[in-house]
Amino acid sequence: MTTAIAPQVLVRGPGLSPRALSQGPLLWVVRPPAADTPLDLRLLDAEEQRRAVALRRPAERALYVAAHSALRRVLGAYTGVPAAAVRLTRLPCPGCGGPHGRPAVAGPAGHAVHFSLSHSGGLALLGLASRPVGVDVERVPDPKLAEEASRALHPSERQQLTNMPAAIRAAAFARCWSRKEAYLKATGEGVSLDALRGVHVGAGFDPAQMPGWRLADVDVPVGWAAACVVSAPGAPRGRRPVPCASRGSHGRR
């Protein structure tokens with residue numbers, strides 16, 4: 001998985017036709033509805049509704065509702081469970097065993113259908129696979145913010161960025177960050193400074209590969225960067241997670 005994946009655009013309404021997950025990972029891009037569209041919270045569970053209402057920015061709230069509604073529609077199509085009845089849970093953290101690991105479908109369906117969801121700056125990315133999967137989408141930051149945040153990256157990634165022309169560093173940083181978050185979401189570790197610095201995914205055009213995982217960039221509109229990581233069948237899982245990375249990504253699916 002070294003070439004970029006082209007995701008589908010998830011349209012609203014009925015008619016979602018499931019494809020075999022063996023063709024996966026399957027990816028969808030989700031955008032928020034028009035600004036004057038009333039929010040429809042009916043598919044969200046009580047916790048998701050609470051989080052949606054707590055978001056102060058209308059655009060951010062609209063994207064959250066659209067993305068999580070899309071997640072439930074897709075999971076319903078692939079599990080045979082009505083979208084509003086899909087139950088989600090958290091797997092144990094691979095570092096400490098706490099209940100803040102990778103999100104999953106509750107019940108037997110969770111062994112066959114794995115998912116990941118990310119949203120940033122007006123765009124959401126949803127991934128499904130038959131094995132553990134992580135996706136991440138990032139809005140390209142301004143150069144100053146990218147430079148400051150790059151201090152949290154692996155030393156070799158920081159060197160790669162330093163060697164690039166200044167005009168492309170922010171986009172390269174977002175590309176690197178999305179790869180890293182996708183990987184940490186797929187493993188269930190969560191984001192922490194130790195994990196960010198300890199995982200090497202590369203900032204160049206070709207992502208680095210980790211034993212036991214397949215990593216690819218995802219084609220998204222200009223202004224964003226995205227990546228997908230999926231478990232390779234039958235392969236050993238590279239590095240061991242830190243004792244407990246972070247609970248900071250607990251609310252992100």
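On a predicted model such as this, the values are computed, not experimentally measured, just so you know. Residues: numbered from 1 along the sequence shown.
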Chemist: Any pair with a residue in residues 127-175 that passes ring pair (Phe, Tyr, Trp, His ring centres under 6.0 Å), sequence neighbours left out, goes on the list, sorted by first then second residue, please.
Modeler: His154-His200, Phe173-Trp177
Chemist: Once rounded to the nearest 0.5 Å, what's the spacing between atom CH2 of Trp28 and atom CG of Leu117?
Modeler: 12.0 Å
Chemist: Under the rule for side-chain contact (heavy atoms from CB on, under 4.5 Å), what residues qualify as partners of Val53, not counting sequence neighbours?
Modeler: none
Chemist: Under the rule for side-chain hydrogen bond (donor to acceptor under 3.5 Å, both in side chains), what residues qualify as partners of Arg102, not counting sequence neighbours?
Modeler: His114
Chemist: Using the salt bridge (Lys or Arg N to Asp or Glu O under 4.0 Å) criterion, which residues pair with Arg56? Sequence neighbours excluded.
Modeler: none
Chemist: Measuring from atom CG of Leu75 to atom CG of Leu128, what distance do you get when rounded to the nearest 0.5 angstrom?
Modeler: 5.5 Å
Chemist: May I ask you to test the Leu215-Tyr183 pair for a side-chain heavy-atom distance under 4.5 Å?
Modeler: no
Chemist: Do Cys176 and Leu153 have side chains that get closer than 4.5 Å, going by heavy atoms?
Modeler: yes
Chemist: If I compare all heavy atoms of Leu161 with all of Ala203, which pair ends up nearest, and what's the gap?
Modeler: CD2-CB, 3.9 Å
Chemist: Do His68 and Arg51 have side-chain heavy atoms sitting under 4.5 Å apart?
Modeler: no
Chemist: Does any part of the side chain of Lys185, heavy atoms only, come nearer than 4.5 Å to the side chain of Ser118, both counted from C-beta?
Modeler: yes
Chemist: Evaluate the side-chain proximity of Arg214 to Pro233: yes if any heavy-atom separation is below 4.5 Å, no if none is.
Modeler: yes
Chemist: Using 0.5 Å steps for rounding, measure from the CD atom of Glu181 to the CD atom of Glu138.
Modeler: 5.0 Å
Chemist: Nearest 0.5 angstrom please: Cys228 SG to Asp136 CG, how far?
Modeler: 11.0 Å
Chemist: Would you call Asp45 and Arg72 a salt bridge, using N to O less than 4.0 angstrom?
Modeler: yes
Chemist: Walk me through whether Val29 and Leu123 qualify under side chain to side chain contact (heavy atoms under 4.5 Å, CB included).
Modeler: CA-CA 7 Å; Val29 165; Leu123 192 71; 3.4 Å; yes
Chemist: Search all heavy atoms of Pro221 against all heavy atoms of Arg31 and return the closest pair with its distance.
Modeler: CG-NH2, 3.4 Å
Chemist: From the options Leu126, Val230, Val135, select the one residue that forms a side chain to side chain contact (heavy atoms under 4.5 Å, CB included) with Ser116.
Modeler: Val135
Chemist: Going by side-chain contact (heavy atoms from CB on, under 4.5 Å), name the residues that satisfy it together with Ala225, two or more places apart in sequence or in a different chain.
Modeler: Ala174, Arg175, Ser178
Chemist: Which residues satisfy the side-chain contact (heavy atoms from CB on, under 4.5 Å) test with Ser69, sequence neighbours excluded?
Modeler: Leu43, Leu44, Val65
Chemist: Can you give me the closest heavy-atom contact between Trp213 and Val229, atom names plus distance?
Modeler: CE3-CG1, 3.8 Å
Chemist: Going by the rule side-chain hydrogen bond (donor to acceptor under 3.5 Å, both in side chains), which residues pair with Arg50 if we only count those two or more places apart in sequence or in a different chain?
Modeler: Glu47
Chemist: Thinking salt bridges, do Arg42 and Asp40 make one under a 4.0 Å N-O criterion?
Modeler: yes
Chemist: Say you draw a straight line from CZ of Phe115 to CG of Leu26; how long is it, rounded to the nearest 0.5 Å?
Modeler: 14.5 Å
Chemist: Only counting residues at least two apart or in another chain, list the ones meeting side-chain contact (heavy atoms from CB on, under 4.5 Å) with Ala85.
Modeler: Val81, Pro82
Chemist: Nearest 0.5 Å, what's the NE2-OG distance between His111 and Ser130?
Modeler: 14.0 Å
Chemist: For Arg151, give me all partners under salt bridge (Lys or Arg N to Asp or Glu O under 4.0 Å), at least two apart in sequence or on another chain.
Modeler: none
Chemist: My understanding is that only residues two or more places apart in sequence, or in another chain, count here; which of them pass side-chain hydrogen bond (donor to acceptor under 3.5 Å, both in side chains) with Glu60?
Modeler: none
Chemist: Counting C-beta onward and ignoring hydrogens, is there a side-chain heavy-atom pair between Pro207 and Val201 closer than 4.5 Å?
Modeler: no
Chemist: Give a yes or no on whether Arg87 atom CZ has more than 12 heavy-atom contacts from other residues, nucleotides or ligands under 6.0 Å away.
Modeler: no
Chemist: Tell me the closest heavy-atom pair linking Ala66 and Pro33, and the distance in Å.
Modeler: CB-CD, 4.0 Å
Chemist: Which heavy-atom pair separates Pro103 from Arg90 by the least distance, and what is that distance?
Modeler: CD-NH1, 3.5 Å
Chemist: For Glu147, does the CD atom have more than 12 heavy-atom neighbours from other residues, nucleotides or ligands under 6.0 Å away?
Modeler: no
Chemist: Are Val191 and Leu91 in one and the same hydrophobic cluster, where Ile, Leu, Val, Met, Phe, Trp and Tyr link if side-chain heavy atoms are under 4.5 Å apart?
Modeler: no
Chemist: Give a yes or no answer on whether the side chain of Thr89 reaches the backbone of Ala106 with a donor-acceptor pair at less than 3.5 Å.
Modeler: no
Chemist: What pair of heavy atoms forms the shortest contact from Arg169 to Thr162, and how long is it?
Modeler: NH2-O, 3.3 Å
Chemist: Are His119 and Leu125 close enough, and set up right, to give a side chain to side chain contact (heavy atoms under 4.5 Å, CB included), and what steps lead you there?
Modeler: CA-CA 6 Å; His119 31 82; Leu125 181 65; over 6 Å; no
Chemist: In chain order, what residues pass the side-chain hydrogen bond (donor to acceptor under 3.5 Å, both in side chains) check against Asn163, with sequence neighbours excluded?
Modeler: Gln159
Chemist: In this structure, would Trp224 and Leu63 fall into the same cluster of hydrophobic residues linked by side-chain contacts under 4.5 Å?
Modeler: no
Chemist: Report the residues that fulfil salt bridge (Lys or Arg N to Asp or Glu O under 4.0 Å) with Asp219, sequence neighbours left out, ordered by chain and then residue number.
Modeler: none
